[in-house]
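Please read the structure below before turning to the comments.
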Amino acid sequence: MDLEAGPVSPNGVGVGGGPAAAAPPAGRETDDSNVRKDLILAYKTLGVVFGGLVTSPLYVYPSMNLSSPTEADYLGIYSIMFWTLTLIGVVKYVCIALNADDYGEGGTFAMYSLLCRHADIGILPSKRVYLEEETLLHSQSTMGRRPSKLGKFFEQSITARRVLLFMAVLGMCMLIGDGILTPAISVLSAIDGLRGPFPSVSKPAVEVLSAAILIGLFLLQKYGTSKVSFLFSPIMAAWTFTTPIIGIYSIFHYYPGIFKAISPHYIVHFFLRNKRQGWQLLGGTVLCITGAEAMFADLGHFSKKAIQIAFLSSIYPSLVLTYAGQTAYLINNVNDFGDGFYKFVPRPVYWPMFVIATLAAIVASQSLISATFSVIKQSVVLDYFPRVKVVHTSQHKEGEVYSPEINYILMVLCVGVILGFGGGKAIGNAFGVVVIMVMLITTVLLTLVMIIIWRTPPVLVGLYFVPFFIMEGSYVSAVFTKIPEGGWLPFAVSMILALIMFGWYYGRQRKIEYEMRNKVNLESLEELLARPEVQRVPGLCFFYSNIQDGLTPVLGHYIKNMSSLHTVTIFVTLRYLLVAKVDQRERILIKRLGPNGVYGCTVQYGYADSLSLAGGDDLGAQVFICLRRHIQTSTDGRSAEEEIAQLQAARLAGVVHVRGKMRLYVGNDAGWFDKVMLRFYEFLHGICRSALPALGMPLQQRVEIGMLYKV
């Protein structure tokens, strides 16, 4: 058994004013305040959510393998990009996907969690701990209506449930793959602007300079971004509002009739004329929507309305006008697509735009790096990823985290992509795989949400699923032709990460299943302590458990082998809450467990909490203080004095921290799937960080009890 923290979503309590009719001025003030808050959040999303999406004009056209393009080709390409942005960006994400949140969190895994809460489709019983109100709502939602036929199919098929989990995990891993490629292609495309005014600057020089900028960016991660993050939104706002201005200038100057390409018949003619080559070009045009998934994945950091306002009022118009301006320029300069962004920038504003583009590329890179850290941190907390070191660089923002191991792996991969792939065209081939795969996974999961949870009429489900599956399936088929040309890298990285996460989760859940099946209840504990050979030895023991209801099986193993239990034994369980900080009065909860000197303790903490006090006390010292206070307030008179004296004597006799160190035993009768996945889990478990040192326990006080779990 390992120390772990179960995630709990806090109960959100809505606070409302009186009836609108009774106090209309207050209502208007509240409405004005909400609108102002949404507008401020919408402005902040520019620097966090949309960095990857709004900087895509830097590399979309340069990533395309065009051969002697014509005016009709460019009109067809612009029509494809316009409808991709409209259908995927506006219809799919803004209008539909943002409603499929799980307690305000978005992304593929949030949808999977949502499905698991409304249907029994987890591969094993979940370790999620529900609050009383959540349990009531959960039971009402599952009892109030019968499961759909599709829900029954997933409940009855373990293979379907495993595939569903792997899809959700793969979607999360594709976002991490995005964190590798976005910094590489964004910074490289921005710095490539040096070669226009200075043709003597070689391509390798641009690559080395881009790699140096990224190395510097990664080395600064440990200091956090709180001191410079206030600049992110102004930089991205400058980019978002200057590029469409240049686009409008380019439209009037080069091709005023560009918006006739909005007609879908240009797409039909494009494919009829170019056939196979036109289909392959989809691998480049798909990059126009790169970063759109961040709208959904970052939902937990902002509000749905703020993201919708920002996208519809600034990001979408900016991209439509910028791509229109680029296309208008290229229609008159058909062979300039290799540098499709900087060539369409007017000479007088070239250097200001170069500076803005470089800063915007760095901000976009930082956004994806921070998002990767956040995804890894959430995965570790939710027990879907082996433990790595996670440091909070801000006491006020959940997203500002840093993981040294992940940071340096990302740095090596990003620099390797730049130096190994070279130009943006090769990186674009790799990028398209990540972009469209995560969108296709979102489409499938969103369809399941519609059928199983929302109970959407089949006709409406079909109107959503069929067009989007055909469109995104076409993109997937096109980008998969790029696998040999670089697309293999993000796909391989994502698959490896998905296997690691799936294997870790499967092993942890099988372990929890065993512990719940073999847990020690209070009656069993009293029977064990009543045995004549079992002695109560002096001392204070902190026994770490991850079971909320009952005691860990390691306890029975410990008592049977040691024939003893300390006079004061405290069973400590850590519970992670999805809040910034837990009030000190609610942080440590103590209760008596029945036998003399045996207590239960739940330690609750938020993402910005440290498990050690500022004064230097470790977790054990905090628990001791709270236990003594609990005895004083819950016990009267002489018995309280005796109990405190027993506690003090036990502490003086010696303190020990006990945790289980389990190994999974896979018998010969186990299926091949269990043999492979559980042995893989054992390998991961052997190389990951231990949880106990992070709690500040002195090395000489730690004891590990080995136990074999026969699963």
Side-chain angles (χ1 to χ4, degrees), residues 53 56-93 243-244 246-290 292 312 315-341 343-344 425 428 432 435-436 439 463 466-479 481-482:
L53 179 59
S56 58
L58 282 169
Y59 47 78
V60 170
Y61 272 115
S63 298
M64 294 184 190
N65 294 312
L66 294 171
S67 177
S68 301
T70 64
E71 175 183 334
D73 290 334
Y74 281 121
L75 290 173
I77 290 170
Y78 178 69
S79 188
I80 292 171
M81 291 194 291
F82 173 83
W83 286 107
T84 299
L85 285 167
T86 302
L87 293 176
I88 295 181
V90 177
V91 177
K92 176 182 173 179
Y93 282 105
T243 51
I246 296 175
I248 293 170
Y249 166 81
S250 183
I251 291 168
F252 283 105
H253 190 69
Y254 294 107
Y255 199 89
I258 184 65
F259 288 111
K260 68 182 181 182
I262 291 175
S263 173
H265 86 272
Y266 284 95
I267 300 176
V268 177
H269 288 303
F270 175 78
F271 287 118
L272 290 176
R273 187 171 53 257
N274 291 283
K275 299 182 174 63
R276 179 180 175 83
Q277 186 186 6
W279 166 66
Q280 291 177 331
L281 282 173
L282 288 175
T285 56
V286 71
L287 297 182
C288 73
I289 199 68
T290 179
L312 294 175
I315 304 300
Y316 177 70
S318 174
L319 289 171
V320 168
L321 291 171
T322 302
Y323 283 124
Q326 281 184 283
T327 308
Y329 170 82
L330 291 171
I331 286 174
N332 282 267
N333 302 272
V334 293
N335 293 317
D336 283 354
F337 58 87
D339 189 10
F341 178 76
K343 286 288 180 67
F344 106 111
K425 187 173 292 187
V435 171
I436 198 59
M439 292 183 181
L463 287 175
V466 173
F468 281 101
F469 188 80
I470 291 173
M471 179 171 64
E472 292 170 351
S474 300
Y475 273 127
V476 168
S477 65
V479 298
T481 63
K482 309 293 185 182

Which heavy atom in [X] sits nearest to a heavy atom in [Y], and how many Å separate them?
X      : Y      : result
Leu281 : Phe270 : CD1-CZ, 3.7 Å
Trp83  : Ile262 : NE1-O, 2.6 Å
Ala328 : Tyr254 : O-CB, 3.4 Å
Val334 : Pro69  : O-CG, 3.3 Å
Gln277 : Leu66  : NE2-C, 4.5 Å
Ser56  : Leu319 : OG-CD2, 4.0 Å

Considering only heavy atoms from C-beta outward, does the side chain of [X] approach that of [Y] to under 4.5 Å?
X      : Y      : answer
Cys288 : Tyr323 : yes
Met439 : Ile88  : yes
Tyr475 : Val435 : no
Val90  : Leu85  : no
Thr327 : Ile251 : no
Phe341 : Tyr329 : no
Thr290 : Tyr59  : yes
Val91  : Phe468 : yes

Strictly by modelled atom types, are [X] and [Y] linked by a side-chain donor-acceptor pair under 3.5 Å?
X      : Y      : value
Tyr316 : Thr86  : yes
Lys260 : Tyr255 : yes
Thr481 : Trp279 : no

- [ ] Return yes when atom CZ of Phe469 has more than 12 non-hydrogen atoms of other residues, nucleotides or ligands closer than 6.0 Å, and no otherwise.
- [x]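 At most 12 heavy atoms, drawn from other residues, nucleotides or ligands, come within 6.0 Å of this atom.
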TODO: Please report the C-alpha distance between Val286 and Val479 in whole Å, then the side-chain angles of each, then the deciding distance to 0.1 Å, and finally whether the side-chain contact (heavy atoms from CB on, under 4.5 Å) criterion is met.
DONE: CA-CA 9 Å; Val286 71; Val479 298; 4.1 Å; yes
Rounded distance (nearest 0.5 Å) linking atom [atom1] of [X] with atom [atom2] of [Y]:
X      : Y      : atom1 : atom2 : answer
Glu71  : Ile258 : CD    : CD1   : 8.5 Å
Met471 : Lys92  : CE    : NZ    : 7.5 Å
Leu282 : Met64  : CG    : CE    : 9.5 Å
Ile331 : Asp336 : CD1   : CG    : 13.0 Å
Gln280 : Ser477 : CD    : OG    : 10.0 Å
Leu58  : Thr243 : CG    : OG1   : 9.0 Å

Does the [X] side chain pair with the main chain of [Y], one donor and one acceptor, at a distance under 3.5 Å?
X      : Y      : answer
Tyr78  : Val320 : yes
Arg273 : Val268 : no
Ser250 : Ile246 : no

TODO: Test side-chain contact (heavy atoms from CB on, under 4.5 Å) on Lys343 and Asn333 and set out the steps.
DONE: CA-CA 9 Å; Lys343 286 288 180 67; Asn333 302 272; over 6 Å; no
Task: Centroid separation Phe252 to Tyr249 less than 6.0 Å - done: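 Ring-ring flag for Phe252/Tyr249: false, centres at least 6.0 Å apart.
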TODO: Before giving the answer on side-chain contact (heavy atoms from CB on, under 4.5 Å), spell out for Asp73 and Tyr266 the whole-Å C-alpha distance, their side-chain angles and the decisive distance to 0.1 Å.
DONE: CA-CA 9 Å; Asp73 290 334; Tyr266 284 95; over 6 Å; no
